[in-house]
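The shown structure was predicted, so the numbers you read here are calculated from the model rather than taken from an experiment.
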Amino acid sequence: MLIKNPQGWEIPESLVTPEDLVFNRRGILRGAGAIAIAGLAGAASLPASAAEAADPSAKLYPVKRNASFTADRPISDERIVTTYNNYYEFGERKNIVAPAQKLNLRPWEITIDGMVEKPFKIDMDGLLARMPLEERIYRHRCVEGWSFVAPWSGFPLKALVDLAKPQAGATYITFKTFLDRTVSPGQRTQIFYPWAYTEGVTIAEARNDVAFMVTGAYGKPLPKQNGAPLRLALPWKYGFKSIKGIQRITFSTTRPKTFWEVTGPSEYGFWANVNPEVDHPRWSQATEEVLGTGNRVPTKLYNGYAPQVASLYAGIKGQQLFR
Ligand code: MTE
């Protein structure tokens, strides 16, 4: 399967991630090989300010930075983080900025249901008004072998769990992306995927300090291509756990089947914690390309968040924690 649209903004061949490391998940379905795709440096222009002005949350940003969450690397160029994206609802290539602008961010209602005291719906602005907004510098490690560092704005996932009031027996939280074939070409035409995109965490993971709901980036509302108006950030896990465009949050005792588990069960699992010593079946996870630098650096266990999260998994035996 080839996705290659040579553009003026593509980076030189020397900086492109080696072909054998590049991920092409459609290959799972079609049995085809992987091909390098890259569009990193000097990419298309930033989202139009008109689109930002139309977002009623714009006045909330920037928010105060939480100094407990910093990174040992420079913050990545905003232009790279906001133009090199994975968002299969809008296409399988990295440059999905233009199609993603079709997504309407208001009204945006989030359903909270399942094993909670009382299921409810809340609109995005009502949710923002009730959540403690802050900025955190987070690393992001995609399973494909690239990474960046971004200043996300948002609120701790545990604040949302407290708002939801889960019942005592609830163990898992399932997140679902919007389902709208009129705006998503992927949902309309790529019918072999198990839409809506689904992800999940345990409630213990959700209550960990690092689990974060993202609503903004670089001191502004989150761009549509990065998952506006609401996405998850679990930086110790591979990036596919960071579900975008969230509209439903469901509490349960049963573990959800996630989008990539259903699509490629031999390659992707529920836990997906970052571990440089556990290879993907088709490539090594030992190193990562830091977007915009041209450098490959060693990947860290739990993407560097081991002190905060490793204890979550201490009692779990006989499960694949790192895929
Ligand atoms: N969420 C949805 N709904 N659809 C997707 O295709 N891709 C995931 C994740 N969240 C994806 C998604 C993957 S594989 C990654 S690496 C990150 O989003 C990419 O986030 P970014 O585009 O902000 O870098």
A.B. asks: Arg207 side chain to Lys158 main-chain N or O, any donor-acceptor pair under 3.5 Å?
C.D. replies: no

A.B. asks: After noting the C-alpha distance and the side-chain angles of Thr171 and Ile203, does the key distance pass the side chain to side chain contact (heavy atoms under 4.5 Å, CB included) rule?
C.D. replies: CA-CA 5 Å; Thr171 334; Ile203 292 190; 5.7 Å; no

A.B. asks: Taking it one step at a time, do Glu205 and Tyr313 satisfy side chain to side chain donor-acceptor pair (under 3.5 Å)?
C.D. replies: CA-CA 9 Å; Glu205 289 178 317; Tyr313 309 101; 2.4 Å; yes

A.B. asks: If I compare all heavy atoms of Gly269 with all of Ala272, which pair ends up nearest, and what's the gap?
C.D. replies: O-CB, 4.4 Å

A.B. asks: How many angstroms lie between OH in Tyr87 and CG in Leu103, if you round to the nearest 0.5 Å?
C.D. replies: 5.5 Å

A.B. asks: Please check if the side chain of Thr70 supplies one atom and the backbone of Ser68 the other of a donor-acceptor pair under 3.5 Å.
C.D. replies: no

A.B. asks: Fit a plane to each ring of Phe148 and Trp146, take the angle between them on a 0 to 90° scale, and name the class: parallel (under 30°), tilted (30 to 60°) or perpendicular (over 60°).
C.D. replies: parallel

A.B. asks: Is the CZ atom of Arg181 crowded by more than 12 outside heavy atoms at less than 6.0 Å?
C.D. replies: no

A.B. asks: Test Val278 against Gln320 for side chain to side chain contact (heavy atoms under 4.5 Å, CB included), laying out the working first.
C.D. replies: CA-CA 10 Å; Val278 179; Gln320 175 52 272; 4.3 Å; yes

A.B. asks: Tell me, do Gln167 and Phe251 make a side-chain contact under 4.5 Å, heavy atoms counted?
C.D. replies: no

A.B. asks: Group every Ile, Leu, Val, Met, Phe, Trp and Tyr by side-chain heavy-atom contacts under 4.5 Å, then state whether Val297 and Ile75 land in the same group.
C.D. replies: no

A.B. asks: Could you tell me if the side chain of Met124 sits less than 4.5 Å from the side chain of Ile110, heavy atoms only?
C.D. replies: yes

A.B. asks: Could you tell me which residues satisfy ring-ring contact (aromatic ring centres under 6.0 Å, His included) with Tyr138, sequence neighbours excluded, listed by chain and number?
C.D. replies: Phe69, Phe212, Tyr305

A.B. asks: Measuring only between side-chain heavy atoms, which start at C-beta, is Lys244 closer than 4.5 Å to Asn85?
C.D. replies: yes

A.B. asks: Hey, quick one: are Trp236 and Ile316 part of the same hydrophobic cluster, counting side-chain heavy atoms closer than 4.5 Å, chains of contacts allowed?
C.D. replies: yes

A.B. asks: Could you grab the distance from atom OH of Tyr88 to atom CZ of Arg93, nearest 0.5 Å is fine?
C.D. replies: 12.0 Å

A.B. asks: Do you reckon Phe120 sits in the same ILVMFWY cluster as Leu127, going by side-chain contacts under 4.5 Å, direct or chained?
C.D. replies: yes

A.B. asks: Atom CD1 of Ile137 and atom CG of Asn66: how far apart are they, to the nearest 0.5 Å?
C.D. replies: 10.0 Å

A.B. asks: Is it true that atom CD of Gln319 has more than 12 heavy atoms of other residues, nucleotides or ligands lying nearer than 6.0 Å?
C.D. replies: yes

A.B. asks: Begin with the C-alpha distance, continue with both residues' side-chain angles, and end with the deciding distance and a verdict on salt bridge (Lys or Arg N to Asp or Glu O under 4.0 Å) for Lys121 and Asp113.
C.D. replies: CA-CA 8 Å; Lys121 293 176 194 278; Asp113 63 1; over 6 Å; no

A.B. asks: Answer yes or no: is there a side-chain heavy-atom contact under 4.5 Å between Val274 and Tyr238?
C.D. replies: yes

A.B. asks: Which heavy atom of Ser57 sits nearest to which heavy atom of Leu128, and what is that distance?
C.D. replies: CB-CD1, 3.6 Å

A.B. asks: Can you name the nearest heavy-atom pair linking His140 to Gly239, along with the distance?
C.D. replies: CE1-CA, 3.6 Å

A.B. asks: Any idea which heavy atoms bring Ser266 and Arg323 closest together, and the distance?
C.D. replies: O-NH1, 3.5 Å

A.B. asks: In this structure, are over 12 heavy atoms from other groups packed under 6.0 Å from Arg130 atom CZ?
C.D. replies: no

A.B. asks: Do Tyr218 and Ser76 make a side-chain contact, defined as non-hydrogen atoms from C-beta onward lying under 4.5 Å apart?
C.D. replies: yes

A.B. asks: Side chains of Phe178 and Leu230: closer than 4.5 Å at any heavy-atom pair?
C.D. replies: no

A.B. asks: Which pair of heavy atoms, one from Leu160 and one from Met131, lies closest together, and at what distance?
C.D. replies: N-SD, 4.0 Å

A.B. asks: What distance do Trp283 atom CH2 and Glu267 atom CD have between them, rounded to the nearest 0.5 Å?
C.D. replies: 6.0 Å

A.B. asks: Measure the CG-CG distance between Asn226 and Asn86 for me, rounded to the nearest 0.5 Å.
C.D. replies: 11.0 Å

A.B. asks: Tell me if a side-chain donor or acceptor on Gln187 pairs with a main-chain N or O of Ala196 at a distance below 3.5 Å.
C.D. replies: no

A.B. asks: Is the positively charged end of Lys220 above the ring of Tyr61, judged by distance under 6.0 angstrom from the centroid and angle within 45° of the axis?
C.D. replies: no

A.B. asks: Measuring from Ile173:CD1 to Thr250:OG1, what's the distance to the nearest 0.5 Å?
C.D. replies: 10.0 Å

A.B. asks: Please walk me through it: do Gln285 and Arg141 pass side chain to side chain contact (heavy atoms under 4.5 Å, CB included)?
C.D. replies: CA-CA 10 Å; Gln285 293 292 23; Arg141 169 59 157 86; 3.0 Å; yes

A.B. asks: Check the pair Gln225 / Gln101 against side chain to side chain donor-acceptor pair (under 3.5 Å), numbers first and verdict last.
C.D. replies: CA-CA 7 Å; Gln225 61 273 20; Gln101 302 318 304; 3.0 Å; yes

A.B. asks: Say whether Val290 and Val149 are linked into one hydrophobic cluster, either directly or through other cluster members, by side-chain heavy-atom distances under 4.5 angstrom.
C.D. replies: no

A.B. asks: Contact between Pro221 and Pro229 at the side-chain level, heavy atoms closer than 4.5 Å - yes or no?
C.D. replies: no

A.B. asks: So, Asn273 side chain and Leu321 main chain: donor-acceptor pair closer than 3.5 Å or not?
C.D. replies: yes

A.B. asks: Do you know which two heavy atoms are closest between Leu232 and Ser242, and how far apart they sit?
C.D. replies: O-CB, 3.1 Å

A.B. asks: Kindly determine whether Asp123 and Arg106 satisfy salt bridge (Lys or Arg N to Asp or Glu O under 4.0 Å), including the steps that lead there.
C.D. replies: CA-CA 9 Å; Asp123 76 81; Arg106 297 293 187 282; over 6 Å; no

A.B. asks: For the pair Tyr197 and Phe175, evaluate side chain to side chain contact (heavy atoms under 4.5 Å, CB included) and give the outcome as yes or no after the intermediate values.
C.D. replies: CA-CA 8 Å; Tyr197 197 100; Phe175 298 85; over 6 Å; no

A.B. asks: Flag the pair Pro156 / Arg136 as yes when at least one side-chain heavy-atom distance between them is below 4.5 Å, and no otherwise.
C.D. replies: yes

A.B. asks: Hey, does the Lys NZ or Arg CZ of Lys241 hover above the aromatic six-ring of Phe270, less than 6.0 Å from the centre and inside 45° of the axis?
C.D. replies: yes

A.B. asks: Should Ile243 and Val262 be regarded as members of a common hydrophobic cluster, given that ILVMFWY residues are connected when their side-chain heavy atoms come within less than 4.5 Å of each other, either directly or indirectly?
C.D. replies: no

A.B. asks: Just by modelled atom types, is the Gly186 backbone N or O under 3.5 Å from a matching donor or acceptor in the Trp195 side chain?
C.D. replies: yes

A.B. asks: State whether Lys237 and Glu199 are salt-bridged, where the test is any N-O pair (Lys NZ or Arg NE/NH1/NH2 against Asp/Glu carboxylate O) under 4.0 Å.
C.D. replies: no

